[in-house]
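Not measured: the values here are computed from a predicted model.
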Amino acid sequence: MATTAAPAPSTYAPALQTARARLESWLEAERDQLPLWLPVGLGAGIAAWFVLPDPIAWQAAFFGALAVALCALAITRGGRAGVVVAIGGTAFAAGLALVWLRAEMAAAPVLTRPTIARLTARVEAVNTLPARDLVRLRLGDLRWLGRAPAPAPIHVRVNVPDKDVPEGLLPGATIRLRVRLMPPPPPAGCSRRL
């Protein structure tokens with residue numbers, strides 16, 4: 001009589017169960033410290049925004065973190081590990097989204113090339129630079145006389161020689177002038193253009 005031998009028991013499944021049980025017991029023991037990792041997740045998302053080169057990489061990191069969070073929730077079996085990974089992924093995505101949103105809110109139009117223009121503006125600040133015989137004016141409420149540069153800045157700084165500054169010029173005054181506007185220089189030490 002021929003008999004068939006039973007297949008050898010798998011050692012993979014019990015090892016996986018043991019590792020999962022150890023992880024869950026460790027997370028249970030550390031449950032009071034787990035919320036302290038939220039700022040780490042947010043900070044990692046913020047740091048990723050500064051490290052990654054462009055908006056395509058930011059989107060990939062954002063959606064990747066959300067995908068990891070959703071997958072962790074989908075495969076969790078009532079344990080703490082899946083929830084921890086999901087919250088970590090969501091915190092990472094939230095940090096990246098927060099810094100991206102802040103950058104978009106602070107963004108302003110920037111000149112792309114040198115431009116000569118005529119404008120009327122309100123003086124917001126007057127700073128004298130005696131070492132250079134200049135007065136630096138910060139101008140706002142710009143009204144372009146003629147064709148405005150594209151994109152038109154909201155504020156400009158203008159250097160005026162001391163001899164050409166009208167007497168009694170104070171913040172709040174409205175002036176009309178012809179200016180040569182230059183795009184801002186790149187950040188010091190920055191080798192790539194963002």
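Looking at Trp58, its side chain does come within 3.5 Å of a backbone N or O of Trp49 through a donor-acceptor pair. A donor-acceptor distance shorter than 3.5 angstrom exists from the side chain of Thr115 to the backbone of Arg113, with no hydrogens or angles considered.
Listed here is the closest heavy atom pair of Phe92 and Ala48: CZ-CB, 3.6 Å. Between Val85 and Ala72, the closest heavy-atom pair is CG1-CB, 3.6 Å. The two atoms that bring Leu142 and Leu119 nearest to each other are CD2-CD1, 4.1 Å, heavy atoms only. What you find for Pro55 and Trp100 is that their closest heavy atoms are O-CH2, 3.9 Å. Contact between Ala65 and Gly89 at its shortest, heavy atoms only, is CB-O, 3.5 Å.
Taken from CG in Leu52 to CD in Gln59, the straight-line distance is 11.5 Å, to the nearest 0.5 Å. Between atom CZ of residue Arg122 and atom CZ of residue Arg143 there is a gap of 9.5 Å, rounded to the nearest 0.5 Å. Expressed to the nearest 0.5 Å, how far CG of Leu96 lies from CZ of Phe63 amounts to 10.5 Å. Atom CZ of Arg138 is separated from atom NE2 of His155 by 4.5 Å, given to the nearest 0.5 angstrom.
In this structure, Leu134 and Val160 have side chains that are not in contact, with every pair of non-hydrogen atoms separated by 4.5 Å or more. When side chains are defined from C-beta on, Phe50 counts as touching Val99, because their heavy atoms get closer than 4.5 Å. Residues Ile116 and Val179 fail the side-chain proximity criterion, which asks for heavy atoms closer than 4.5 Å. Between Ile46 and Leu98 the shortest side-chain heavy-atom distance does not fall below 4.5 Å. Looking only at side-chain heavy atoms (C-beta outward), Leu177 and Leu139 come within less than 4.5 Å of each other. In this structure the side chain of Glu124 never reaches within 4.5 angstrom of the side chain of Pro171, judged on heavy atoms. Looking at Val126 and Leu170, their side chains never come closer than 4.5 Å, going by heavy atoms from C-beta outward. Using a 4.5 Å cut-off on side-chain heavy atoms (C-beta onward), Pro161 and Asp133 make no contact.
Annotation for Leu101: atom CG counts as buried by contact number, over 12 foreign heavy atoms lying within 6.0 Å.
A salt bridge between Arg102 and Glu104 is absent, with no side-chain N of the basic residue lying under 4.0 Å from a carboxylate O of the acidic one.
Note on Val158 and Trp144: same hydrophobic cluster, where clusters join Ile, Leu, Val, Met, Phe, Trp and Tyr whose side-chain heavy atoms are under 4.5 Å apart, directly or indirectly. Leu111 and Leu137 end up in the same hydrophobic cluster when Ile, Leu, Val, Met, Phe, Trp and Tyr side chains are linked at under 4.5 Å. Linking Ile, Leu, Val, Met, Phe, Trp and Tyr residues whenever their side-chain heavy atoms come within less than 4.5 Å leaves Leu181 and Leu145 in two separate clusters.
Partner of Val135 under the side chain to side chain contact (heavy atoms under 4.5 Å, CB included) criterion, chosen from Val165, Asn159, Asp164: Val165.
No hydrogens or angles considered: nothing links the side chains of Asn127 and Arg136 as a donor-acceptor pair under 3.5 Å.
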